[in-house]
**Q** 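Here you go, one structure.
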2 protein chains.
Amino acid sequence: MRKFVAHRAKKLITNATASLLNPHHQSSSSSNQYYTSARLARFFTSLPSDTSMASDKSTPPLTVDSLNPKVLKCEYAVRGEIVSLAQTLQQDLQANPGTHPFEEILYCNIGNPQSLGQQPITFFREVLALCDHPTILDKSETQGLFSADSIERAWQILDQIPGRATGAYSHSQGIKGLRDTIAAGIEARDGFPADPNDIFLTDGASPAVHMMMQLLIRSEQDGIFCPIPQYPLYSASIALHGGTLVPYYLDEGTGWGLEVSELKKQLETARQKGITVRALVVINPGNPTGQVLAEENQRAIVEFCKKEGLVLLADEVYQENIYVPEKQFHSFKKVARSMGYGDKDIPLVSFQSVSKGYYGECGKRGGYMEVTGFSPEVREQIYKVASVNLCSNISGQILASLVMSPPKVGDESYDSYFAERDGILTSLARRAKTLEDALNSLEGVSCNKAEGAMYLFPQVKLPNKAIKEAEKAKKAPDAYYAIRLLNATGIVVVPGSGFGQVPGTWHFRCTILPQEEKIPAIVTRLTDFHKKFMDEFRD
Amino acid sequence: MRKFVAHRAKKLITNATASLLNPHHQSSSSSNQYYTSARLARFFTSLPSDTSMASDKSTPPLTVDSLNPKVLKCEYAVRGEIVSLAQTLQQDLQANPGTHPFEEILYCNIGNPQSLGQQPITFFREVLALCDHPTILDKSETQGLFSADSIERAWQILDQIPGRATGAYSHSQGIKGLRDTIAAGIEARDGFPADPNDIFLTDGASPAVHMMMQLLIRSEQDGIFCPIPQYPLYSASIALHGGTLVPYYLDEGTGWGLEVSELKKQLETARQKGITVRALVVINPGNPTGQVLAEENQRAIVEFCKKEGLVLLADEVYQENIYVPEKQFHSFKKVARSMGYGDKDIPLVSFQSVSKGYYGECGKRGGYMEVTGFSPEVREQIYKVASVNLCSNISGQILASLVMSPPKVGDESYDSYFAERDGILTSLARRAKTLEDALNSLEGVSCNKAEGAMYLFPQVKLPNKAIKEAEKAKKAPDAYYAIRLLNATGIVVVPGSGFGQVPGTWHFRCTILPQEEKIPAIVTRLTDFHKKFMDEFRD
């Protein structure tokens with residue numbers, strides 16, 4: 001019965017193409033065709049109906065000028081020019097040792113702890129390895145190599161995966177059992193219910209942020225409120241999606257405080273310009289600033305979003321990174337719920353990642369967003385966008401469930417897990433303090449405390465002569481400083497201009513991640529460099 | 001020396017905001033400010049300069065109507081309505097066994113082999129597990145659990161990763177050593193050089209496709225040539241990026257042949273409509289059609305792209321899935337190079353994924369694109385977009401290197417690897433043939449051979465009565481057929497209208513992936529259903 005309808009099909013192609021290329025043209029023939037055209041038409045973005053437009057007879061060659069201008073506009077300083085220079089220097093160091101005044105490049109540009117020697121949490125890696133190769137689970141040698149609770153946890157996780165297939169695409173929001181675990185972890189953290197159906201597992205927090213920007217931004221008239229300084233993922237994502245970044249300034253003078261009066265003022269200004277501000281991004285703990293918001297402040301922010309109809313996009317990826325006893329992390333969802341706002345009262349997205357915290361598993365690309373306060377119809381659209389990429393990677397999904405449900409008192413791994421975790425966090429707190437003190441001892445440098453996150457963002461008062469020299473080199477003055485620092489010491493930092501800063505002020509972002517034994521040498525090298533730089537340029 | 005410039009900063013904010021919100025406004029004060037404003041301005045998409053526009057004083061509530069219309073337009077049938085129905089039925093089967101005329105849902109909607117029982121390749125999983133938990137590498141028990149060559153390979157890979165840190169963000173194109181391995185694999189496959197700097201490792205092929213669409217599409221005047229039927233990632237991605245899908249029809253009558261005459265005709269039509277066609281997508285082996293292009297045909301396609309200035313986007317994710325002795329896979333790069341076209345002659349992107357082939361590691365989200373023929377400036381823009389997401393997941397990166405460099409003759413794992421691989425591929429070929437024959441034996445059904453990939457795409461001549469019944473149910477007729485099939489048998493297929501088809505023809509896509517022992521039951525259930533369906537509706 002292999003009979004082809006080739007002839008009939010060929011005849012239909014001409015009609016079909018006409019309707020495809022212009023969905024407004026509806027086939028007048030059979031109802032079969034109507035259905036197909038209507039359905040197919042949804043595939044194709046409608047074309048301009050003005051067919052009198054001059055026909056362009058050749059596709060121009062592919063040049064930068066013919067690329068999507070939104071791509072050209074996008075900037076991402078964390079991996080920009082200075083990092084390229086660092087990579088070149090590193091190759092040079094390997095090829096010609098001893099040709100630079102330092103022996104290694106210290107990447108303080110990015111929150112990438114394991115690249116600087118931080119070891120992964122053993123329990124997490126045990127579980128991941130067992131889930132990757134489950135056939136060893138019931139071998140006797142495995143009990144000699146892995147902790148009993150990692151074996152038990154791996155079994156639990158495998159039982160949550162349909163067919164125990166860790167190599168299968170999952171549900172597009174992530175494996176349901178893992179979302180149950182994460183929701184339980186959020187409940188334990190906040191003391192308020194969390195719904196596994198609100199969780200979307202993602203390849204790190206970045207794709208989740210892109211997904212929300214894609215959903216919210218219709219044109220450059222749509223604005224997204226972002227802190228200045230901000231993590232440049234936001235400016236990059238807004239540029240890529242063709243929206244407008246509406247800035248609000250954090251107040252350096254009050255430890256990078258977030259003032260609602262500033263939000264009000266900037267919202268008013270943006271609205272006067274015809275911008276529809278759709279969402280407010282808050283990064284807490286702050287990146288690059290390291291501040292941790294007070295609960296009181298968070299309440300005012302929630303109230304502001306509620307009143308102004310803004311979606312609250314809460315970047316909470318540093319929730320485990322708090323270094324001062326007087327501050328605590330409170331999720332925005334907990335704050336909103338404790339104010340009496342339920343799921344229907346305020347649209348709120350919380351981003352979490354396995355790349356940060358004490359685990360720092362950047363290479364695993366795991367994370368999730370918890371999406372609350374959206375209508376079922378809007379949620380369906382988020383699900384659809386998630387489904388186009390099928391699912392996030394399963395190892396990342398498993399790890400996201402592990403960080404929200406680590407070993408508990410009484411588990412075989414608990415003591416070693418606790419020691420590893422505590423060792424990392426207390427060491428980070430010490431490193432933050434040492435670097436902060438060192439920076440504050442430098443001429444013309446002032447640095448707020450890193451209450452949380454992984455960064456210091458010192459302000460440097462650059463002498464006018466240095467600024468003039470930077471102008472000559474066609475660099476922003478802080479970029480000029482950072483390049484000079486790199487060439488002199490091998491330390492890679494990101495200039496403040498990559499994050500945004502009050503005009504006329506200059507900063508850089510420096511992670512607190514180099515291993516503790518290296519910190520004294522970094523302080524010495526940084527101090528020597530800065531003294532020489534100031535001596536060279538002092539006004 | 002902790003001195004804040006709070007007062008000065010506050011005064012500057014007003015000026016700064018003005019220049020931020022309107023980059024055409026240049027600060028007239030110090031050169032410091034000029035630099036900052038200029039640099040910061042690049043963060044922000046320029047606002048409409050017409051400030052006379054009416055100020056919108058309130059952000060409207062978040063509804064579907066206020067979402068990005070490009071998101072609303074996007075469709076992805078592989079995980080659409082029918083899959084949701086299947087999930088509901090599955091839950092129902094678990095809660096109330098025996099209430100449906102089948103015992104399990106058979107997901108033939110998606111190329112997800114391991115979800116249907118295919119086992120992962122042991123060697124690949126051994127290496128992944130060892131790289132996840134390297135501390136066991138030098139334990140004696142490990143030698144009892146893992147093959148010697150997997151241990152050796154894990155060491156090799158760890159040595160390629162700076163600091164052996166599998167938990168660190170990598171270079172944004174992927175770990176250099178892994179790209180070296182992949183490039184060597186491409187060279188061995190094609191007999192032409194491959195450059196590791198041309199490789200971009202990605203979380204599966206989907207993000208790579210999105211990246212290219214993002215780069216190429218400026219507006220709906222930009223068109224991307226796609227086959228009809230096509231894999232709906234392309235229509236979805238083009239819709240999300242606001243471009244126009246320009247269709248070319250594969251000829252069902254000649255085994256889904258790709259005719260250059262059809263390309264020429266459709267290009268002409270599109271250009272007459274004012275569309276700049278920027279790229280040509282070719283899926284080889286075909287999805288959903290299963291055809292494998294002849295080398296002769298590929299040469300004509302390369303020549304066409306060269307002449308018309310089109311970027312050739314070659315979806316080659318099924319390169320390992322060929323089931324007929326008379327056909328072979330040839331990469332488009334090999335074909336172009338064998339025609340004498342070098343790197344500067346034709347822009348060409350090849351997409352590869354760990355989700356397909358004999359390995360079918362969908363959940364690992366690994367893949368790469370090989371980007372050739374682009375200027376350094378354009379490549380820099382691709383790198384920038386890749387860098388905004390930092391890097392793809394490291395396990396996926398490792399796996400992408402493994403599938404391009406599997407065990408070789410003489411390696412301890414070679415025999416078992418070969419047996420696993422050969423078992424899967426020969427079984428898939430048998431399953432394809434059995435299902436194809438079964439489909440062709442059905443009344444009104446004709447099905448081309450699956451020469452490659454993982455799918456059959458039979459055409460079903462639906463009786464007019466069935467079409468009328470579908471109309472009443474407000475479904476496309478092929479969707480109506482698929483829903484009836486699912487409700488009667490538990491078999492999930494995707495209606496042809498999800499991929500595009502010649503108007504007036506109806507198809508569905510069915511994977512060849514159910515385990516071989518289940519195929520007879522599937523054939524029986526499908527045959528019974530189809531007979532009853534035709535009996536119910538026969539004209």
Side-chain angles (χ1 to χ4, degrees), chain A residues 2 4 6 9 12-13 16 32-33 35-36 39 43-45 53 55 59 64 68 76 79 112 114-115 120 125 128-129 132-133 136 141 144-145 165 167-169 203 206 218 220 235-236 244-245 253 271-272 274 309 361-363 365 377 387-389 393-395 440 446 476 497 502-504, chain B residues 2 4 6 9 12 16 32-33 35-36 39 43-45 53 55 59 64 68 76 79 112 114-115 120 125 128-129 132-133 136 141 144-145 165 167-169 203 206 218 220 235-236 244-245 249 253 271-272 274 309 361-363 365 377 387-389 393-395 440 446 476 497 502-504:
Chain A
R2 183 194 288 267
F4 291 111
L12 282 166
I13 283 173
N32 302 10
Q33 251 177 293
Y35 268 106
T36 320
R39 194 138 180 104
F43 273 163
F44 310 112
T45 303
M53 178 183 295
S55 168
T59 296
V64 168
N68 177 0
Y76 189 67
R79 293 217 161 174
N112 194 8
Q114 296 191 27
S115 75
R125 291 304 190 98
L128 287 182
D132 264 345
H133 193 37
I136 63 170
E141 294 98 325
L145 284 175
Y169 294 127
D203 292 312
S206 304
R218 294 162 296 185
E220 61 180 13
S235 48
T244 293
L245 190 155
R271 284 180 174 166
Q272 277 169 8
E361 290 277 17
C362 303
R365 309 311 287 125
E377 295 75 25
S387 78
V388 174
N389 283 332
N393 84 85
I394 306 295
S395 296
N440 276 315
S446 61
S497 41
V502 169
Chain B
R2 183 194 288 268
F4 291 110
L12 282 166
N32 302 9
Q33 250 177 295
Y35 268 105
T36 320
R39 195 138 179 105
F43 272 165
F44 309 111
T45 303
M53 180 182 296
S55 166
T59 295
V64 169
N68 177 0
Y76 189 67
R79 292 218 160 173
N112 194 9
Q114 296 192 28
S115 75
R125 291 304 190 99
L128 287 182
D132 264 344
H133 193 39
I136 63 170
E141 294 98 325
L145 285 175
Y169 293 127
D203 293 312
S206 304
R218 295 164 295 186
E220 60 180 12
S235 49
T244 293
L245 189 155
Y249 281 77
R271 284 181 175 164
Q272 277 169 7
E361 291 277 17
C362 303
R365 312 309 289 122
E377 295 74 24
S387 77
V388 175
N389 282 331
N393 83 86
I394 304 298
S395 295
N440 276 315
S446 60
S497 40
V502 169

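Chain naming here is simple, since letters A, B, ... match the order of the sequence lines and numbering starts at 1 in each. Please read all numbers here as calculations on a predicted model, not as lab measurements.
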**Q** Under 4.5 Å, counting heavy-atom pairs only, tell me which of A/I394, A/N68, A/L128 racks up the most with chain B.
**A** A/N68
**Q** Counting only N and O atoms by type, is there a donor-acceptor contact under 3.5 Å from the side chain of B/N393 to the main-chain atoms of A/R365?
**A** no
**Q** Which residues satisfy the side-chain contact (heavy atoms from CB on, under 4.5 Å) test with B/A165, sequence neighbours excluded?
**A** A/Q114, B/A168
**Q** Going by the rule salt bridge (Lys or Arg N to Asp or Glu O under 4.0 Å), which residues pair with A/D203 if we only count those two or more places apart in sequence or in a different chain?
**A** none
**Q** Can you tell me which of A/P120, A/C362, A/S206, A/G144 forms the most heavy-atom pairs within a distance under 4.5 Å of chain B?
**A** A/C362
**Q** Determine the minimum heavy-atom distance between A/R125 and B/D132, stating which atoms define it.
**A** NH1-O, 2.8 Å
**Q** Kindly give the heavy-atom pair with the smallest separation between A/V64 and B/E377, and that separation in Å.
**A** CG2-CB, 3.1 Å
